[in-house]
Amino acid sequence: ITTGIILSGEGYKDRTGLLIADNFSEAYEFNADLSKFENQDINLYTISDHGKLAYMAINQELAKQTIPVGYAVSVEGTYTIAFDELRYDEDIHELLLIDYDRNETTDLLQNEYQFYSEKGEYTQRLALQVALAPKVSTDIEQTEQSNILIYREGNMLRLDNLPDQATVTV
């Protein structure tokens, strides 16, 4: 499962991302975690015990916790944090950005977040929290009609080709 966010403003842009899988731990994951190489104008990164990361690999339990996000900007101004649509994954139900300074939470899947920032580096203002879509499992009772289709479409469970007057219990 992958997701990411973009920080943009004052003519600059930077990204950071998450890779979520149960085989990852809190330790630095070679070939998965990616240390942040900073540039002089704008930087966005997640923060771990291993420093600033451009890409953080974590397991699903850690993804439910708040993930510290840091940024640095070289110019005072208005900035936007948005969901990185290039990293869309339908297993992400909510991607919450928490701004501790303004006491606001925004679901980046639904809205961008705009804020004013002075020039500098900020490591305690922002955090991410990820809500994964629930896993759906079901027992299927055999019926006379064998072409019933059950499938997931985004965050919805779809049932097609049900017999007339069929009863569905969830």
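Heads up: numbering here begins at 1 and tracks the sequence.
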Student: What are the two closest heavy atoms between Tyr122 and Ser117, and how far apart are they?
Tutor: CE1-OG, 3.4 Å

Student: With a 4.5 Å limit on heavy-atom distance, are the side chains of Leu128 and Leu18 in contact?
Tutor: yes

Student: Measuring only between side-chain heavy atoms, which start at C-beta, is Gln60 closer than 4.5 Å to Phe24?
Tutor: no

Student: Does a donor on one side chain sit under 3.5 Å from an acceptor on the other, for Tyr116 and Glu76?
Tutor: yes

Student: Work out which heavy atom in Glu112 is nearest to a heavy atom in Ala82; give both atom names and the distance.
Tutor: CG-CB, 3.8 Å

Student: Do Val130 and Tyr45 belong to the same hydrophobic cluster, where Ile, Leu, Val, Met, Phe, Trp and Tyr are linked whenever their side-chain heavy atoms lie under 4.5 Å apart, directly or via other members?
Tutor: no

Student: Within the structure provided, determine whether Ser48 and Tyr28 are in side-chain contact (heavy-atom separation under 4.5 Å).
Tutor: no

Student: Between Tyr71 and Thr16, is any pair of side-chain heavy atoms under 4.5 Å apart?
Tutor: no

Student: Applying the 4.5 Å side-chain criterion to the ILVMFWY set and letting contacts propagate, would Leu132 and Phe83 be lumped into a single cluster?
Tutor: yes

Student: Taking the side chain as C-beta and beyond, is there a heavy-atom pair between Thr3 and Leu95 under 4.5 Å?
Tutor: yes

Student: Any idea which heavy atoms bring His93 and Asp107 closest together, and the distance?
Tutor: O-OD2, 4.4 Å

Student: Please say yes or no: joined through hydrophobic side-chain contacts below 4.5 Å, possibly via intermediate residues, are Leu126 and Ile98 part of one cluster?
Tutor: no

Student: Give the intermediate values and the outcome of side chain to side chain contact (heavy atoms under 4.5 Å, CB included) for residues Ile42 and Leu7.
Tutor: CA-CA 8 Å; Ile42 191 169; Leu7 171 65; 3.7 Å; yes

Student: Set out, in order, the CA-CA distance, both residues' side-chain angles and the distance that settles side chain to side chain contact (heavy atoms under 4.5 Å, CB included) for Leu44 and Ile5, then state yes or no.
Tutor: CA-CA 9 Å; Leu44 181 65; Ile5 58 174; 3.7 Å; yes

Student: Evaluate the criterion side chain to side chain contact (heavy atoms under 4.5 Å, CB included) for residue pair Leu19 and Met56; output intermediate values, then yes/no.
Tutor: CA-CA 6 Å; Leu19 178 60; Met56 179 185 273; over 6 Å; no

Student: Is Arg15 close to Asp84 at the side-chain level, that is, under 4.5 Å between some pair of heavy atoms?
Tutor: yes

Student: Heavy atoms only: give me the nearest Ile20-Ala63 pair and the separation to one decimal.
Tutor: CD1-CB, 3.9 Å

Student: Given Thr106 and Leu96, is the side chain to side chain contact (heavy atoms under 4.5 Å, CB included) satisfied, shown in steps?
Tutor: CA-CA 5 Å; Thr106 302; Leu96 302 177; over 6 Å; no

Student: Counting only heavy atoms from other residues, nucleotides and ligands, does the tally under 6.0 Å from CG of Asn103 exceed 12?
Tutor: no

Student: Do Phe115 and Ile81 have side chains that approach each other closer than 4.5 Å (heavy atoms only, starting at C-beta)?
Tutor: yes

Student: Closer than 4.0 angstrom, basic N to acidic O: yes or no for Asp41 and Lys13?
Tutor: no

Student: Report yes or no: do Thr80 and Gln114 form a side-chain donor-acceptor pair below 3.5 Å?
Tutor: yes

Student: What's the shortest heavy-atom distance between Tyr100 and Ala127, and which atoms?
Tutor: OH-CB, 3.6 Å

Student: Applying a strict under-4.5 Å side-chain criterion to I, L, V, M, F, W and Y, I'd like to know whether Val73 and Val69 cluster together.
Tutor: yes

Student: Can you tell if the side chain of Arg125 reaches within under 4.5 Å of the side chain of Asp99, non-hydrogen atoms only?
Tutor: yes

Student: Would you mind checking if Glu121 and Lys52 are paired as a salt bridge, meaning a charged N to carboxylate O distance below 4.0 Å?
Tutor: yes

Student: Applying the side chain to side chain contact (heavy atoms under 4.5 Å, CB included) test to Asp33, which of Thr46, Leu53, Ile58 qualifies?
Tutor: Leu53

Student: Please find the pair of heavy atoms, one from Ile1 and one from Ile92, that lie closest to each other, and give the distance.
Tutor: CG2-CD1, 3.5 Å

Student: Is the backbone N or O of Ile67 less than 3.5 Å from a side-chain atom of Gln129, with the two atoms forming a donor-acceptor pair by type?
Tutor: no

